[in-house]
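This report concerns only the one structure given below.
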Amino acid sequence: MTDDTSSDHALRGVHMLHDPRLNKGTAFTDDERERLGLRGLLPPRVLTMEDQVSRVLDTYGRKTNDLDRYVNLIGLQDRNETLFYRVLIDHIETLMPIVYTPTVGEACRQFGHIYRRPRGLYVSMRDRGRMSRLLQNWPEQQVSIIVVTDGERILGLGDLGTYGMGIPIGKLALYTTCAGIPPRECLPITLDVGTNNEELRADPLYTGLLQPRVRGAEYDEFIEEFVMTVQDIFPDALIQFEDFATTNALELLDRYRERVCCFNDDIQGTAGVTLAGLLAVNRITRGRLGDQRLLFYGAGAAATGIADLIADRMTADGLSLNEARRRIWFVDSKGLVVSSRSELAPHKRRYAHDAAFESDLTSIVRAIRPTALIGVSGQARQFSQTVVAAMADGNERPVIFALSNPTSKAECTAEEAYRWSDGRAIYASGSPFDPVTVGGRTMIPAQGNNAYVFPGVGLGVIATRARHVTDEMFAAAAQTLAGQVAEPLLDQGSLLPPFREIREVSLEIATAVAEVAFTRGLARIERPSDLREYLRAAMYQPVYDDVVR
Ligand code: NAD
């Protein structure tokens, strides 16, 4: 990470006001206005950053719908980045659902229609064979984190082609907000290989190539050229693959995880936050991970990532990997994943066990007797009263995670899980739910948001210049995160710390991840004497630099 802004300070006058990284707007001091040729270009009164923050919140407060609130915030990011991050950091709990899910989903659906200023890089099939020059067009030389999507599986919304760009932009805003990754080191990228969304191709304002998606060898070669060009132009960058369709997501991770510094948040970040939830469950029940029996409802990228990480961690409780996998079961759209099913994809096969095939979820729960039921199916309301009752029948504290997003897709609500289990369920969801009072006791459901994990992992990886991102790093992140929940919150069934504490949580996670990097010989820097303070010092703070020296 660098903070070399010397060349920026050569900028003067109106150019300074039009550069969101340097612009302070009405907060430029009289001295700065005089020396930078800004006198007269701004109204005379000098405001403080606090004044500016109240003005931003005032305007924001007048917006009547979330998409307008999103456009308002992105407008601020385009005008004055420092102020944008000040506001975001100080109001993260309120603004997170606007800059990221669920509002970012709506923003992506209408991306061409709300388009104002370009942000990030677009690499399309037309750039094959000449990506190097394209990447060199990016104005920053020091890029630490790239979030890249091909737009095929944007949140739960499917193929949004280049409209998916809202996701890398939003994720990187969270990297800066939650873990202090300097904004100038963040690069959002959308790969345009076409779209199979015909409605989008008929949209006159669609921003991408008007062709069906390229598949097979041609797609693989395109991705290979992209990944290798990044190694060449931005050799220190961590690549985060984001919102690729399941098969591509799993294959790309397999292909690149040992070759370059990369990870997939939908797979590994989800796994990290879910493992943290289960480790916090153990703090409530005084149980062991190795004693859990898990049933995944849904057998895609998220289920695979979570199951693989948990199986690996169960071995720490003395189980062999095979024994661990035997404690994990999958249900897909057809029913229970069992060894007699011949059509199974490879990622499901390792969790296909000998048992009778069954498609009814209540019967499956009665047959398998899981301690934890984890919903990652994208299918709403599948955990019915009889399913929850069957879970509560066999367990004193049934663990029910309904992780499908958005809220409308959750397998059951927090209230349903608590009520149908007489308040005994330990519940977490993918989207936020309000606290619920059952039998006079108020329970606080946890939101298993990946933003608890990926920013801290990213900070630990880039600050140590780690060669690879390993599952052990996500396990360390999960362990750390689970340890951050205060006892009174655990007593109320909450498995994660309040999100407003995210910067401290991310720092702890980054420290744990950096420890793994040093222990495993993956770090490419000397170990600092005080790792936590080293990382803390690397975190970006949204304060106005003194431009006049
Ligand atoms: P995916 O498309 O890779 O997998 C979905 C899986 O669900 C597939 O295996 C499919 O066979 C299965 N499925 C579909 N219909 C089903 C049905 N009726 N019964 C049982 N299984 C069914 O998607 P993914 O990336 O694994 O994400 C799945 C869900 O998890 C999404 O809703 C996503 O929002 C959510 N998710 C949440 C978090 C989080 O909370 N932190 C993180 C990642 C994903």
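Remember, it's 1-based here, ligands and their atoms both numbered in the order they're listed. Computed from heavy atoms alone, side chains included, the values below leave out hydrogens, waters and symmetry copies. Owing to the predicted nature of the structure, the values given are computational and were not obtained by experimental measurement.
- No side-chain donor from either of Tyr163 and Asn197 sits under 3.5 Å from a side-chain acceptor of the other.
- Side-chain contact of Thr480 with Glu508: a donor-acceptor pair under 3.5 Å is absent, judged by distance alone.
- Within 4.0 Å of ligand 1, protein heavy atoms come from Arg153, Thr246, Thr270, Tyr297, Gly298, Ala299, Gly300, Ala301, Ala302, Val331, Asp332, Ser333, Val376, Ser377, Gly378, Gln379, Leu403, Ser404, Asn405, Gly430, Gly448, Asn450.
- Looking at residues two or more places apart in sequence or on another chain, you find no ring pair (Phe, Tyr, Trp, His ring centres under 6.0 Å) involving Phe84.
- In the model, Asn450 has a side-chain atom that pairs as donor or acceptor with a side-chain atom of Asp265 under 3.5 Å.
- Between the side chain of Arg283 and the main chain of Ala482, a donor-acceptor pair closer than 3.5 Å is present.
- Between Tyr297 and Gln382, the side chains place a donor N or O and an acceptor N or O closer than 3.5 Å (distance only, hydrogens not considered).
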